[in-house]
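One structure below.
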Amino acid sequence: MAHAMDTTRPERAVAQSDEVARRDLPFEFMLNALRLRDGFAQDLFTTRTGMPASAVQTALAQACEKGLLEPTESPAGWRPTARGFDFLSDLQSMFLPS
């Protein structure tokens with residue numbers, strides 16, 4: 001196991017390695033972040049994707065209007081509502097690139 005995880009070895013075991021296109025980053029981030037009951041801090045989106053929060057502002061607003069997301073106060077961010085968890089796939093799909 002140590003040999004497989006050793007990043008200094010060029011022949012280390014890698015099952016799959018794909019680079020995510022920039023336009024897909026918001027969706028990929030939301031796939032993971034929206035599964036969490038506590039949601040995510042808004043600054044985490046920028047940290048993980050390198051994109052400004054404004055990149056997802058429209059989708060966030062639409063999700064709130066549909067009752068799927070709600071803002072968190074501490075830290076400032078977003079979390080799925082109970083309805084959002086019931087329709088998690090629909091919520092996540094709102095962040096697909098158009």
Side-chain angles (χ1 to χ4, degrees):
M1 185 59 110
H3 176 77
M5 300 303 291
D6 185 352
T7 59
T8 63
R9 294 176 171 271
E11 73 280 0
R12 71 186 177 105
V14 175
Q16 183 177 357
S17 177
D18 293 316
E19 188 169 327
V20 177
R22 182 169 173 76
R23 67 185 211 107
D24 295 330
L25 288 174
F27 176 67
E28 292 291 331
F29 176 85
M30 294 301 176
L31 277 178
N32 295 307
L34 295 176
R35 292 181 178 151
L36 305 173
R37 289 269 176 216
D38 293 334
F40 63 94
Q42 188 164 313
D43 62 344
L44 184 62
F45 174 80
T46 301
T47 301
R48 296 275 171 89
T49 65
M51 301 174 82
S54 62
V56 290
Q57 206 60 43
T58 301
L60 291 171
Q62 290 172 347
C64 285
E65 286 175 18
K66 292 182 178 194
L68 302 175
L69 265 186
E70 62 188 5
T72 62
E73 293 183 24
S74 178
W78 304 93
R79 72 173 159 241
T81 61
R83 179 180 168 92
F85 276 111
D86 287 343
F87 297 96
L88 187 57
S89 293
D90 294 333
L91 173 57
Q92 291 166 329
S93 70
M94 296 178 80
F95 298 92
L96 282 168
S98 38

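Model, not experiment: these values are computed from the prediction.
Residues Arg83 and Lys66 are not in side-chain contact: their nearest non-hydrogen atoms beyond the backbone lie 4.5 Å or more apart. Side-chain contact check for Pro52 versus Phe45: every heavy-atom pair is 4.5 Å or farther apart. At least one side-chain heavy atom of Leu69 sits less than 4.5 Å from a side-chain heavy atom of Leu34. Under the 4.5 Å side-chain criterion, counting only non-hydrogen atoms from C-beta, Met51 is in contact with Leu25. You'll find the side chain of Phe29 stays beyond 4.5 Å of the side chain of Phe95, heavy atoms only. The side-chain heavy atoms of Cys64 and Trp78, taken from C-beta on, include a pair separated by under 4.5 Å.
Listed here is the closest heavy atom pair of Ala41 and Pro75: CB-CG, 3.7 Å. For the residue pair Arg23 and Pro26, the shortest heavy atom distance occurs at O-CD, 3.7 Å. Of all non-hydrogen atoms in Phe40 and Ala33, the two that sit nearest each other are CD2-CB, 3.7 Å. Met30 approaches Leu60 most closely through the heavy-atom pair CE-CD2, 4.4 Å. In plain terms, the two heavy atoms of Gly84 and Leu91 that are nearest each other are O-CD2, 4.2 Å. Nearest heavy-atom pair across Ala53 and Gln42 is CB-NE2, 3.4 Å.
Side-chain atoms of Glu70 do not come within 3.5 Å of backbone N or O of Thr81 as any donor-acceptor pair. Put simply, the side chain of Thr72 gets close to the backbone of Gly77: a donor and an acceptor are under 3.5 Å apart.
Both the sub-6.0 Å distance and the 45° axial angle are satisfied by Arg37 relative to the ring of Phe85.
To the nearest 0.5 Å, the span separating CG on Leu68 from CD on Gln92 amounts to 11.0 Å. Expressed to the nearest 0.5 Å, how far CZ of Phe27 lies from OG1 of Thr49 amounts to 14.5 Å.
Within 6.0 Å of CG in Asp86 there are more than 12 heavy atoms belonging to other residues, nucleotides or ligands.
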